[in-house]
Every structure is written in structure tokens, then in C-alpha cells.
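For clarity, every value in this text was computed on a predicted model and none was experimentally measured. Atoms within a ligand are numbered from 1 in the order they appear, just like the ligands themselves.
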Amino acid sequence: MEQMKLEGYPVPGRKLYKNEQQIAGIGRACQLSKQILEMVREKINVGITTNEINQWVHEYTIEHGAIPATLNYEGFPKSVCTSLNNVICHGIPNDTPLEDGDIINVDVTSILDGYYGDVSQMFLVGEPSQEARELVTVARECLYLGIEQVKPFNRIGDIAYAIEQHANRHGYSVVQDYGGHGVGLDFHEEPFVQHYGDRDCGMVLVPNMVFTIEPMINAGSYKCKKLRDGWTTVTRDGSLSAQWEHTVRVTETGVEILSE
Ligand code: MF3
Ligand code: CO
Ligand code: CO
């Protein structure tokens, strides 16, 4: 979601943590979204268009009794986001065929029984360059290092710091204009989950908060540009970008990855 101000401490009554029934429902939505990505992984290949991926995701979602959350969300026209090479996020499926060497993020959010599950993965098309594969691998490591920081009384800044340190160590930058978000009863809820910046700051994590972590890692500069379609966000310098996303829950002792 688009950058907002970092919030301070959780305040009861602001939909910041979920009850058991809600967590079970969000978990089922996350599992469906994950299954959709597994289906995409089996079928994606050189020559496939992102519109075909959109159709697979749309049909699978409907067949499983769910609704694709992105379709008509604030005017987004498709059932999935497909972000290719230098596209950071919110790529709109179209008729361009995938080429050997492409890297692409497929971001799926399903609404099942009113609950939202949000997860995205990278896909290698054919045989991408060593540089592209390295970026994809490090972006995934960034996600998991962020997830490792999730436990009660850690703060969102601890997630952010772990992610940015790892990206910088590899000479990459972290996108600042977009971040993770609370999710579950709505698509984008509090808190905003920053992926860069200092530790020991930002919102304190408490049990049963549910949010996404979804670092966008650029091979070059962190700077973004939104295209005139109002959605597609690309790297300003044309460098490659990679992103992985999970929906997670803070437990009594640590973290549960609901979308794994
Ligand atoms: N799934 C994206 C996220 O991780 C949001 C996509 S909103 C859309 O937050 F409108 F671009 F589809
Ligand atoms: Co997403
Ligand atoms: Co998300």
C-alpha cells in the first residue's frame, strides 16, 4: 500500500488485533491465495501473457468460492497484479507475452467468507541472468529476515531495519513509497509496515495483530515512478525490482505465517 505516517502505539478498538474466529477465516483466505500461486507456478512459462495469468487466477478464485480482491479495487481493472522486471508493484495484466529471462511478481489477494488473504511471489521465466536471480533470492531473504523480527513487543522498525540492512549489504535499495499493511477484515488496514529505516521505532507488536510484510527491493535506486495508467509503478532508473509477500500473525511468542 502507499506510504502513510508511521503510527505510534496500538489503541484498542482500532481493528489492530483479531479474534480467534477472524484469524481462522483470514488463515483460510491466505491458504487459498497461496494455492493460487502454486497453480500459477505450474503453468507459467515463456510465451504466456499476463492476461492469461489474470484469467487463471480469476477463474480459480471464483471456482473456490472466493472473490479476487483487486478486481475493481479503487478502480484496479484486473484480478491479480503482475509486476514484470522493472515494475515494482501494481502491474496491470496485459497481452505482452513473457520472455525468456524475465522475472515477474504475481500478487494474489482473495476474499473468502469476507476475510482477506494477501501473498505474492516471484517467478523466473526461462533462464534469467545471474544478476536477476540474485535479486530475487535476496528479496526473499529480506522477507524472511523481516518475519524473524515479528514477536510481541518488537516494533515495526525492527522489521524495517532487518530488511534494509540485508538489501544494502547486497548493494540493493528498499522502496520507500509502498509498504506492508494490516489485513484481514479489509484489504488495507493499520498498521503501515515500513520496510526501511531505524529499529526500535514504529508501532509495538502485540499478539494477534495480522499484517503483511512485502519488501520491494531494487537493483538500483529506490526511487519510483507511477505510470499514467494510475497503477503501474516502475523504478525511476529502469533497474530490476523484486518483491515477495506474506500475511503474518503475531503469536504469544513469535510469528505464524498464515500464507505459507
Ligand atoms: N496486493 C497488493 C498489496 O500487497 C495490493 C494491490 S492493490 C491493487 O498490498 F489495486 F493494485 F490491486
Ligand atoms: Co499483495
Ligand atoms: Co499486501
Side-chain angles (χ1 to χ4, degrees), residues 1-4 15 18 26-27 29-38 40 50-51 53-55 57-58 60-61 66-84 87-94 104-112 115-123 139-140 142-144 146-147 150 156 159-160 163 174-195 209-217 224-234 241-249 257-260:
M1 74 182 303
E2 234 159 318
Q3 167 80 287
M4 323 185 293
K15 283 208 314 193
K18 270 75 181 174
I26 299 164
C30 286
Q31 286 301 305
L32 175 61
S33 297
K34 173 206 145 174
Q35 270 179 36
I36 293 171
L37 286 171
E38 285 172 355
V40 170
T50 48
N51 263 341
I53 297 172
N54 178 67
Q55 197 176 333
V57 171
H58 185 85
Y60 194 102
T61 305
I67 301 165
T70 62
L71 186 59
N72 302 321
Y73 172 76
E74 294 186 2
F76 191 84
K78 301 278 176 166
S79 298
V80 66
C81 295
T82 50
S83 300
L84 188 61
V87 180
I88 294 169
C89 63
H90 301 166
I92 304 173
N94 63 25
I104 185 169
N105 172 278
V106 177
D107 190 339
V108 173
T109 310
S110 320
I111 312 171
L112 184 63
Y115 297 109
Y116 290 70
D118 189 5
V119 54
S120 82
Q121 296 177 1
M122 294 299 296
F123 296 83
R140 189 166 190 273
C142 284
L143 169 60
Y144 279 88
I147 291 172
V150 177
I156 286 188
I159 301 170
I163 290 169
V174 179
V175 168
Q176 302 189 354
D177 293 356
Y178 298 86
H181 50 93
V183 66
L185 309 185
D186 213 333
F187 202 163
H188 296 112
E189 306 174 352
E190 284 191 272
F192 181 76
V193 180
Q194 214 172 275
H195 298 126
M209 284 173 76
V210 175
F211 54 84
T212 74
I213 304 178
E214 49 181 299
M216 286 143 270
I217 308 299
C224 302
K225 183 173 73 183
K226 201 191 275 187
L227 300 188
R228 278 215 276 268
D229 60 24
W231 286 103
T232 312
T233 300
V234 299
S241 185
Q243 176 183 30
W244 295 78
E245 173 174 25
H246 271 310
T247 296
V248 304
R249 171 177 80 92
I257 306 176
L258 296 175
S259 53
E260 186 167 67

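Contact atoms of ligand 1 toward D118: 1 (N), 3 (C), 4 (O), 9 (O) (distance under 4.0 Å to a heavy atom of the residue). Atom numbering of ligand 1 starts at 1 in the shown order; those under 4.0 Å from a heavy atom of H188 are 3 (C), 5 (C), 9 (O). Atom numbering of ligand 1 starts at 1 in the shown order; those under 4.0 Å from a heavy atom of E245 are 4 (O). Of all atoms in ligand 1, listed by their number and element, those nearer than 4.0 Å to a heavy atom of E214 are 3 (C), 4 (O), 9 (O). Within ligand 1, counting atoms from 1 as listed, the ones closer than 4.0 Å to a heavy atom of T109 are 1 (N).
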Using side chain to side chain donor-acceptor pair (under 3.5 Å), reason through N51 and K78 one step at a time and then give a plain yes or no.
CA-CA 9 Å; N51 263 341; K78 301 278 176 166; 2.8 Å; yes
Between Y178 and E214, is the side chain to side chain donor-acceptor pair (under 3.5 Å) condition met? List the steps.
CA-CA 9 Å; Y178 298 86; E214 49 181 299; over 6 Å; no
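Under a 4.0 Å heavy-atom criterion, F187 is in contact with ligand 1. In this structure, T212 does not count as a contact residue of ligand 1, since none of its heavy atoms falls inside 4.0 Å of the ligand. Residue contacts with ligand 1 include H181, since one of its heavy atoms falls under 4.0 Å from the ligand. Heavy atoms of E74 come nearer than 4.0 angstrom to ligand 1 in no pair at all.
Contact of the Y144 side chain with the I257 side chain is registered, since non-hydrogen atoms from C-beta on lie closer than 4.5 Å.
Considering every non-hydrogen atom in both A66 and L32, the closest pair reads CB-CD2, 3.4 Å. Scanning all heavy atoms of the two residues, the minimum distance from P215 to I213 falls at CD-C, 3.7 Å. The heavy-atom pair separating I156 from V193 by the smallest distance is CG2-CA, 4.1 Å. Of all heavy-atom pairs spanning D118 and C30, the tightest one is N-SG, 4.3 Å. Considering all non-hydrogen atoms of both residues, A29 and G117 come closest at CB-N, 3.6 Å.
If you look at C89 next to ligand 1, there are no close heavy atoms at all, none under 4.0 Å.
For ligand 1, the polar-atom distance check finds no N/O of W231 at less than 3.5 Å from any of the ligand's N/O atoms. Looking at ligand 1, you won't find any N or O of Y73 less than 3.5 Å from one of its N or O atoms.
Side-chain polar atoms of S110 and S33 form a donor-acceptor pair below 3.5 angstrom.
For atom 12 (F) of ligand 1, the closest non-hydrogen atom of the protein is T70 CG2, 3.0 Å.
Y116 and H181 have their aromatic ring centers separated by at least 6.0 angstrom.
Checking D107, I92, T232 against atom 1 (N) of ligand 1, the nearest heavy atom belongs to D107.
For the Co ion (ligand 3), the tally of protein N/O/S atoms lying closer than 2.8 Å stands at 4.
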